[in-house]
Colleague: 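Okay, here's the structure, questions in a sec.
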Amino acid sequence: MTNLVEALKTNILVGDGAMGTLLYEQGIDRCFEELNVTDPEKIVAAHVAYVEAGADVIQTNTYAANRMKLAKYQLDDQVLEINRAAVRLARKAAKQETFVLGTIGGIRSVQFEEVEIQEVQDVFLEQMKALVSEGVDGLLLETFYDLEEAKLAVSLARSLTDLPVIAHLSIAEIGVLQGGKLLEEAFAELEGLGADLVGINCRMGPYQMLRSLETVQLLDRAYYSAYPNASLPDYRDGRLYYHSNPEYFYEMGKRFVQQGVRLLGGCCGTTPEHVRAFAKVVKGLKPVVSKPVRLEIKETLSSTGQKTAREPLAEKVKKQPSIIVELDPPKNLAIDRFVEGAAALKNAGVDAVTMADNSLASPRVDNLALGAIIQQQVGARPLVHVTCRDRNLIGLQSHLMGLHALGMTDLLAITGDPTKVGDFPGATSVYDVTSFQLISLIKQLNEGISFSGKELGQKANFSVGAAFNPNGRHLERAVQRMEKKIEAGADYFMTQPIYNEKQIEDIYEATKHIEKPIYIGIMPLINGRNAEFLHNEVPGIKLTDQIRERMARAGEDRQKGEREGLAIAKSLLDVATHYFNGIYLITPFLRYGMTVDLTHYVKETHHQIRQPERSVQK
């Protein structure tokens with residue numbers, strides 16, 4: 001049989017369409033790859049339908065047949081069995097001249113799951129070896145959102161076999177990958193690693209995919225392939241639907257050939273009818289050897305929209321003592337006291353008023369709205385917390401764009417407490433990204449690039465703070481997380497409240513190599529009950545026995561409790577200001593008078609830089 005790459009030198013071949021679509025239409029809504037061993041005739045029937053429709057190339061039913069994805073169905077011990085069975089089923093349905101490709105799907109998706117690259121490598125190798133050993137005609141690596149992962153997969157495949165390797169990327173915007181990488185550059189990198197065909201699949205219908213291919217030159221060695229979705233999906237009654245449009249595929253198929261595509265198949269929503277339309281298109285056509293390229297006209301990005309003369313907090317705190325104060329947005333619609341508190345703190349000389357994003361998963365007045373109010377009405381500098389919990393990627397980008405439009409450039413990027421601890425435990429936690437990824441994405445906006453890779457017309461100028469929790473059992477692990485956040489782009493850090501003077505010294509010693517400034521969190525206690533609640537019920541906060549005893553002696557007397565709480569906070573501040581320029585005061589229950597008092601204390605007694613010189617990060 002002729003090698004696939006040899007066949008493509010003089011011919012345009014047709015691939016198959018979606019396996020999942022055919023199975024889904026039959027009411028099957030479980031692990032499709034499991035059917036390779038539990039209901040093989042359904043898989044054979046789907047392959048036969050595509051072969052009879054004119055597919056020259058079919059792919060094994062193994063897109064998600066890797067250990068990591070099969071584990072969701074408790075099938076991770078059947079990787080070899082499922083993959084090998086898939087190859088046999090495809091061979092059973094294929095004609096003598098039909099090419100059978102072993103399909104391997106990407107693992108890292110648009111949801112930015114944290115998957116270590118070593119784990120990905122092991123998973124890919126296991127699946128590749130199973131497919132190659134069973135005798136496929138090539139490997140199809142498809143639906144890769146992450147270029148790093150795609151390059152790894154191509155390199156592994158190339159090191160394992162000399163069979164043809166096809167690499168398909170999935171893109172969110174025309175002509176660019178996530179992060180703004182141009183499709184043409186990505187294709188060239190994959191070709192350089194040994195891919196025989198490069199292309200795009202999924203996410204887009206024919207129109208957007210065609211527009212993307214119009215921006216790329218023909219490659220020196222590798223050929224192009226394209227597997228578009230049937231259309232953009234519609235969502236009705238809990239199910240995804242795609243337009244049935246084979247006639248449209250026929251018209252678009254001609255244009256794909258003109259853009260240099262030599263392998264033309266279908267992805268989500270496509271059926272044998274779509275493949276039949278493509279087969280009709282390519283009959284009698286020969287591959288093009290030159291094509292016009294549509295040059296994208298890129299606008300020169302301005303640095304920022306809303307101009308600000310404010311010095312970034314991360315720079316200011318390196319040169320002089322700096323105080324930021326947290327003031328919780330209210331849980332009700334009465335915001336007068338909050339605004340009064342922000343004004344008092346501004347007058348006391350704090351550098352920023354920071355506002356949580358529905359702390360402890362309890363709904364409060366939106367901190368974006370309050371940030372705009374205190375910025376406009378009292379001239380305070382807002383530092384807005386942004387959590388991963390409440391917004392998907394769309395909502396996160398929209399929220400950040402709104403902050404940019406309002407000129408609020410100081411952010412704290414955090415994960416957010418899970419909803420089960422809050423007022424609505426049945427609410428959904430989103431977590432499309434981790435705090436590390438959120439930091440990186442915010443920094444991407446500073447380059448004028450959206451989460452999906454599209455240019456935004458302007459560069460944002462966000463200064464990004466990150467959380468540092470030194471209250472766990474292993475301080476060194478917390479420091480390692482800091483280092484990881486610095487790699488993601490964090491400009492400075494804010495700690496959880498600390499109630500131990502010795503711990504502040506330990507933090508200094510453990511972070512001497514960290515160049516980024518740290519704001520030490522201090523929250524005054526108000527009574528014994530408050531102290532016990534924080535110690536026993538709030539994650540990330542621990543009090544010493546001595547402090548708990550002092551607050552217990554204060555009882556429920558409000559004035560006595562506040563006096564004792566302030567005395568404890570001032571003792572902690574004496575130590576904190578010796579080692580760190582940054583102080584992060586947290587206001588308890590909108591009692592802003594306490595944090596105003598502590599602000600004055602810091603300014604009156606610790607107005608000079610007193611911290612020992614911190615070594616520069618190497």
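All residue numbers in this chain count up from 1 along the given sequence.
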Colleague: Taking the six-membered ring of Phe493 as reference, does the NZ or CZ atom of Lys516 fall below 6.0 Å from its centre and within a 45° cone about the axis?
Modeller: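 Checked: cation-pi criterion not met.
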Colleague: With a 4.5 Å cut-off on side-chain heavy atoms, are Lys92 and Glu41 touching?
Modeller: yes
Colleague: Decide whether His47 and Asn61 meet the rule of one side-chain donor and one side-chain acceptor closer than 3.5 Å.
Modeller: no
Colleague: If you count heavy atoms of other groups shown closer than 6.0 angstrom to NZ of Lys454, is the number above 12?
Modeller: no
Colleague: Return the orientation label for the Phe124 and Phe144 ring planes: parallel under 30°, perpendicular over 60°, tilted otherwise.
Modeller: tilted
Colleague: Return each pair, listed once, that meets side chain to side chain donor-acceptor pair (under 3.5 Å) where at least one residue sits in residues 157-168; pairs must be two or more places apart or across chains.
Modeller: Arg158-Asp196, His168-Ser225
Colleague: Run the side chain to side chain contact (heavy atoms under 4.5 Å, CB included) test against Leu543 and tell me which residues pass, sequence neighbours left out.
Modeller: Tyr499, Leu525, Ala531, Leu534, His535, Ile541, Ile547, Arg548
Colleague: Are the aromatic rings of Phe187 and Tyr224 close, with centres under 6.0 Å apart?
Modeller: yes
Colleague: Please determine, by modelled atom types, if Thr419 and Ser429 share a side-chain donor-acceptor pair under 3.5 angstrom.
Modeller: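 Judged by distance alone, the side chains do pair up.
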Colleague: What class does the angle between the rings of Phe278 and Phe249 fall in, given that below 30° is parallel, 30 to 60° is tilted and above 60° is perpendicular?
Modeller: tilted
Colleague: Any donor-acceptor pair under 3.5 Å linking the side chain of Asn536 with the backbone of Phe533?
Modeller: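 No; zero donor-acceptor contacts below 3.5 Å.
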Colleague: Can any side-chain N or O of Asp39 pair as donor or acceptor with the backbone N or O of Leu35 at less than 3.5 Å?
Modeller: no
Colleague: Inspect the contact between Asp491 and Lys485 and indicate whether a charged nitrogen and a carboxylate oxygen are less than 4.0 angstrom apart.
Modeller: no
Colleague: Salt bridge check: are Glu487 and Lys484 linked by an N-O gap of less than 4.0 Å?
Modeller: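 The answer is no: the pair does not qualify as a salt bridge.
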Colleague: Thinking salt bridges, do Asp423 and Arg364 make one under a 4.0 Å N-O criterion?
Modeller: no
Colleague: For the residue pair Gln59 / Asp16, report whether a side-chain donor-acceptor contact shorter than 3.5 Å exists.
Modeller: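 On atom types as modelled, these side chains qualify, holding a pair under 3.5 Å.
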Colleague: Does a side chain donor of either Gln496 or Asn471 reach within less than 3.5 Å of an acceptor in the other side chain?
Modeller: no
Colleague: Looking at Arg91 and Glu134, does any basic side-chain N land under 4.0 Å from a carboxylate oxygen?
Modeller: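 Salt bridge: no.
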Colleague: Would you tell me whether Ser440 and Gln437 have side-chain atoms, one donor and one acceptor, within less than 3.5 Å of each other?
Modeller: no
